[in-house]
Amino acid sequence: MTCAACVNSVEGILGNLPGVKKAVVALATSLGEVEYDPIMISKDDIVNAIEDAGFEASFVQSSEQDKILLGVTGISSEIDVQILESILSNLKGARQFYIDRNSRELEILFDPEVVNSRSLVYEIEGGSGGKFKLHVASPYTRMTSKDAEEASNMFRLFLSSLFLSIPVFLIRVVCPHIPFVYSLLLWQCGPFQMGDWLKWALVTLVQFGVGKRFYIAAGRALRNGSTNMDVLVALGTSASYFYSVCALLYGAFTGFWSPTYFETSAMLITFVLLGKYLECLAKGKTSDAIKKLVELAPATAMLIIKGKDGRCIGEREIDALLIQPGDTLKVLPGAKVPADGTVVWGSSYVNESMVTGESIPVLKEVGSSVIGGTINLHGALHIQATRVGSDAVLSQIISLVETAQMSKAPIQKFADFHICDLQIASIFVPTVVSMALLTLLGWYAAGALGAYPADWLPVNGNHFVFALMFSISVVVIACPCALGLATPTAVMVATGVGANNGVLIKGGDALERAQKVKYVIFDKTGTLTQGKATVTSAKVFTGLDRGEFLKLVASAEVSSEHPLAKAIVEYARHFHFFDDSSATKDGEKHSKNSTIPEWLFDVSEFTSLPGRGVQCFIDGKRISVGNRKLMIECGIDIPTHVENYVVELEESAKTGILVAFNGKLIGVLGVADPLKREAAVVVEGLGKMGVRPVMVTGDNWRTARAVAKEVGIQDVQAEVMPAGKADVVRSFQRDGSVVAMVGDGINDSPALAAADVGMAIGAGTDIAIEAADYVLMRNNLEDVITAIDLSRKTFSRIRLNYVFAMAYNVIAIPVAAGLFYPSLGIKLPPWAAGACMALSSVSVVCSSLLLRRYKKPRLTTILEITVE
């Protein structure tokens, strides 16, 4: 594929196939994602349909869980293949298999309820007596190898064309100045001179040997009623080649020898192939981010083999892609963690910067979770794998980046509008050919009428030859490829740069919307604050013992997932056990079926009331823990002195939690959640960028205003229920403003989904991350500024790409047509036009690659950002 027209052509072909539900094709990666019904159509049918349209295609990977692709070493003859087939035929659970003798790859379709992928590998290797060694073929490695193979093939074609074209160029330009060599070239050999024979032979090899790929692709496209750049290249080179052949034959029959332009055809193909090769290299660099992420995962893992009693009886090195949930793996110091899991033995510091962007190593002890691809620094660890394959964090990150790179930014519709929506894709080549014919007729008619002097003509040339060279230049130089590459290459690089900086972008549309953000709405708890609430005070307003009061409150809150509930339970535990975690072993005994400590009261009918608090019954008496709304709903009176105490807490940026038991208010807890250290600076920085920060919270107005004042936010929305946060977002969207929402909890999900740009803090919940457009892996608010800044710089680059791509076509075609030749003497030979066409696409891709140098704004320079 060379341009947006090709992408739309392939998507149209796929969309019309029976059984295909959805098809998305990305120009920058040359990858397509097809969702289809395997009963109605096979993947081979899909590949064949693409190839019939004039494009090359091959299967890369599938989401099927019952299929595995293995690389096999040890096959050296047909007998080995027969041995392998015999082993596979006797395997239990293996439904089908296919051996590719050329690539030494084995594809097995198996029943996952009977056998798993690791058992298949063990049984094949064991059945061969160790003759065959198998490894799982990673789809990402295959994609990389295909990219490298394509670049290598293009380079080989370019070298072949260059090797054959240089002698043709020397014969035309250099040899006439070397008398002895020139005399040999003028030697008459049959009807033609030796030089003519040599040029014809060399260029024929280039035209139909090296350039065969252009004819094949053009033929397929024309058979399917479509056109592409290969048609233009084949047309331009053929015109030059066949004119030169006709000129020779005409000279042989009539004795009137016109100049030939064999070198034009050869040099044109050479420059087009050079451009293709450089484009392959440049495109490869745009996907470096995915390659780096893939390389984070180790190739092998050390599996700890356990006996029936659960004790370790040995170790075995296995392919990391064969790890299964529940496996116990050994991670040595300096080694990469092979899978997501939980530490079951040992302690060590782990460097997670490559995944989260956090530079400080994290202590991992028994019970701590670890992420695959991170590096164990000091001690040995035993981990139990919990999430493998597509469920692993690293795989999900790669999937997010891939999805973003496959998606189309709305600005790309601008290119599609100019290239496709007005059906210019289908008439582009005919339009160019028509312009070339007009150029040919115009210059020829002007010459015949004597509109320009005869000394403009080439030596021994005529008006037709003079006009033909301009015509060929027009055919070759016109190219929509640069316009089609302007957006996808920049989006690819930007999503990769974002991933490297801990900002995961889910698509080009999200990337584009972020640069237009006018409002950023922050959730308070866990977003602006650290999410580590602590109880600062506990006041009892009855004769109840303080310890008994805390025990009652903790019993009610222990079943809640809210951060404030956890803080209250922790405070009560600390009060009873003096914050000695070992002491809790004596004071709290976990039953097999419950995680509620036994030192707490038994509760019944527990109810969580979002935006208000919790309720339950203890010994038949109702206890309510929450805010004023809950107390009013329950008919609990709040005495004046209690209200004054709560107001005092709220004005000091603390949350007052009221506790009622058996119909009476018995006490108040003061809870504080410290702000993140960067919160105030980020808020001020957003203001400098022309973005208005807003805070929305379910907390009361006094606490909300106190927190907002401390962080520097003027616009505050308080006492908002979870569903109401989405309404707040919509209220800011009414005037057409683009609104971003930053949150971390489940209660933020509706607002994240409603916002134009949802940003989930990476340490938040899976539901929040699923609803968001951006995932901030580091749990750092500075990344909000990074996300907006990266978006702005990306789309500045895209606009620059569009300006260049459009200016190229607007200027290049008139120059190639010779419009400026009479006044300025500017003439563009066909081979030079071919070089310009090839380099135009390369220039756009290289322009996008400059985004790889992006550096996110530092905390010390954020306040220097001004509105552009």
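Taking every heavy atom of both residues into account, Leu630 and Val625 meet most closely at CD2-O, 3.5 Å. Of all the heavy atoms in Val614 and Ser608, the pair that sits closest is CG1-CA, 4.2 Å. Contact between Ala572 and Ala554 at its shortest, heavy atoms only, is CB-CB, 3.6 Å. Nearest heavy-atom pair across Ile623 and Val553 is CD1-N, 4.3 Å. Among all heavy-atom pairs drawn from Val682 and Ile785, the shortest one is O-CD1, 3.8 Å. When all heavy atoms are compared, the tightest approach of Ala514 to Ile788 is O-CG2, 3.8 Å.
Counting heavy atoms of neighbouring residues, nucleotides and ligands inside a 6.0 Å radius, atom CD of Glu633 exceeds 12 of them. Around atom CG of Asn662, more than 12 heavy atoms belonging to other residues, nucleotides or ligands sit under 6.0 Å away. The local environment of CD in Glu643 is crowded, with over 12 non-hydrogen atoms from other residues, nucleotides or ligands closer than 6.0 Å. More than 12 heavy atoms of other residues, nucleotides or ligands lie within 6.0 Å of CG in Asp735, so this atom counts as buried by the packing criterion. For CZ of Phe541, the number of neighbouring non-hydrogen atoms (other residues, nucleotides, ligands) closer than 6.0 Å is greater than 12. By the neighbour-count criterion of 12 heavy atoms within 6.0 Å, atom CG of Asp715 is densely surrounded, having more than that number from other residues, nucleotides or ligands.
By the 4.5 Å heavy-atom criterion applied to side chains, Ser624 and Met631 are counted as neighbours. Considering only heavy atoms from C-beta on, Lys725 comes within 4.5 Å of Asp523 through its side chain. Within the 4.5 Å cutoff, no side-chain heavy atoms of Val366 are placed close to those of Ser347. Residues Val683 and Leu686 are not in side-chain contact: their nearest non-hydrogen atoms beyond the backbone lie 4.5 Å or more apart. Within the 4.5 Å cutoff, side-chain heavy atoms of Val497 are placed close to those of Leu790. Residues Val362 and Thr374 fail the side-chain proximity criterion, which asks for heavy atoms closer than 4.5 Å. For the pair Val659 and Glu557, the minimum side-chain heavy-atom distance is 4.5 Å or more. Side-chain contact between Cys634 and Arg622 is present, with heavy atoms from C-beta onward closer than 4.5 Å.
For the pair Asp727 and Arg730, the salt-bridge criterion is met [side-chain N within less than 4.0 Å of a carboxylate O]. A salt bridge links Arg573 to Glu570: one of the charged nitrogens lies within less than 4.0 Å of a carboxylate oxygen. We find that Asp756 and Lys516 are not joined by a salt bridge, their nearest charged nitrogen and carboxylate oxygen being 4.0 Å or further apart. No salt bridge links Glu782 with Lys856; every basic N to acidic carboxylate O contact stays at or beyond 4.0 Å.
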What do the steps show when you test Leu381 against Val350 for side chain to side chain contact (heavy atoms under 4.5 Å, CB included), and what is the final call? CA-CA 10 Å; Leu381 295 173; Val350 174; 4.2 Å; yes

Evaluate the side chain to side chain contact (heavy atoms under 4.5 Å, CB included) criterion for residues Glu365 and Val343: first the C-alpha distance (whole Å), next the side-chain angles of each, then the deciding distance (0.1 Å), finally the verdict. CA-CA 6 Å; Glu365 299 176 306; Val343 177; 6.0 Å; no

Between Val694 and Val716, does the side chain to side chain contact (heavy atoms under 4.5 Å, CB included) criterion hold? Intermediate values first, please. CA-CA 6 Å; Val694 180; Val716 183; over 6 Å; no

Run the side chain to side chain contact (heavy atoms under 4.5 Å, CB included) test on Ser537 and Tyr645 for me, step by step, so that the C-alpha distance in whole Å, both residues' side-chain angles and the decisive distance to 0.1 Å come before the verdict. CA-CA 11 Å; Ser537 59; Tyr645 180 72; 3.2 Å; yes

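Going from atom NE2 of His382 over to atom OG1 of Thr342 covers 15.0 Å, rounded to the nearest 0.5 Å. Distance CG/Asp637 to CD1/Ile632: 10.0 Å, rounded to 0.5 Å. Rounding to the nearest 0.5 Å gives a distance of 11.5 Å between CE of Met759 and CE of Met741.
Considering Glu651, Arg628, Arg702 in turn, Arg628 is the only one that fulfils the side-chain contact (heavy atoms from CB on, under 4.5 Å) rule with Val646.
The cationic atom of Lys793 (NZ for Lys, CZ for Arg) does not lie both less than 6.0 Å from the six-membered ring centre of Tyr854 and within 45° of the ring axis.
No donor-acceptor pair under 3.5 Å is formed between the side chain of Asn351 and the backbone N or O of Pro361. For Gln530 (side chain) and Leu675 (main-chain N/O), a donor-acceptor pair under 3.5 Å exists by modelled atom type. Side-chain N or O atoms of Thr529 include one that pairs as donor or acceptor with a backbone N or O of Lys524 at under 3.5 Å. Here the side chain of Thr536 pairs a donor or acceptor atom with the backbone of Gly670 at under 3.5 angstrom. Between the side chain of Gln515 and the main chain of Glu512, a donor-acceptor pair closer than 3.5 Å is present. Side-chain N or O atoms of Lys518 include none that pairs as donor or acceptor with a backbone N or O of Val739 at under 3.5 Å. Under the 3.5 Å distance criterion, the side-chain polar atoms of Asn700 are matched with a main-chain donor or acceptor of Thr703. Using modelled atom types, no side-chain atom of Glu605 and backbone atom of Phe617 make a donor-acceptor pair closer than 3.5 Å. In this structure, the side chain of Arg546 engages the main chain of Ala538 through a donor-acceptor pair within 3.5 Å. Using modelled atom types, one side-chain atom of Lys676 and one backbone atom of Thr527 make a donor-acceptor pair closer than 3.5 Å.
Side-chain atoms of Tyr774 and Ser791 form no donor-acceptor pair, as typed in the model, at a separation below 3.5 Å. A donor atom on one side chain and an acceptor atom on the other are found under 3.5 Å apart for Ser348 and Asn376.
Residues passing the ring-ring contact (aromatic ring centres under 6.0 Å, His included) test with Tyr519, sequence neighbours excluded: Phe732.
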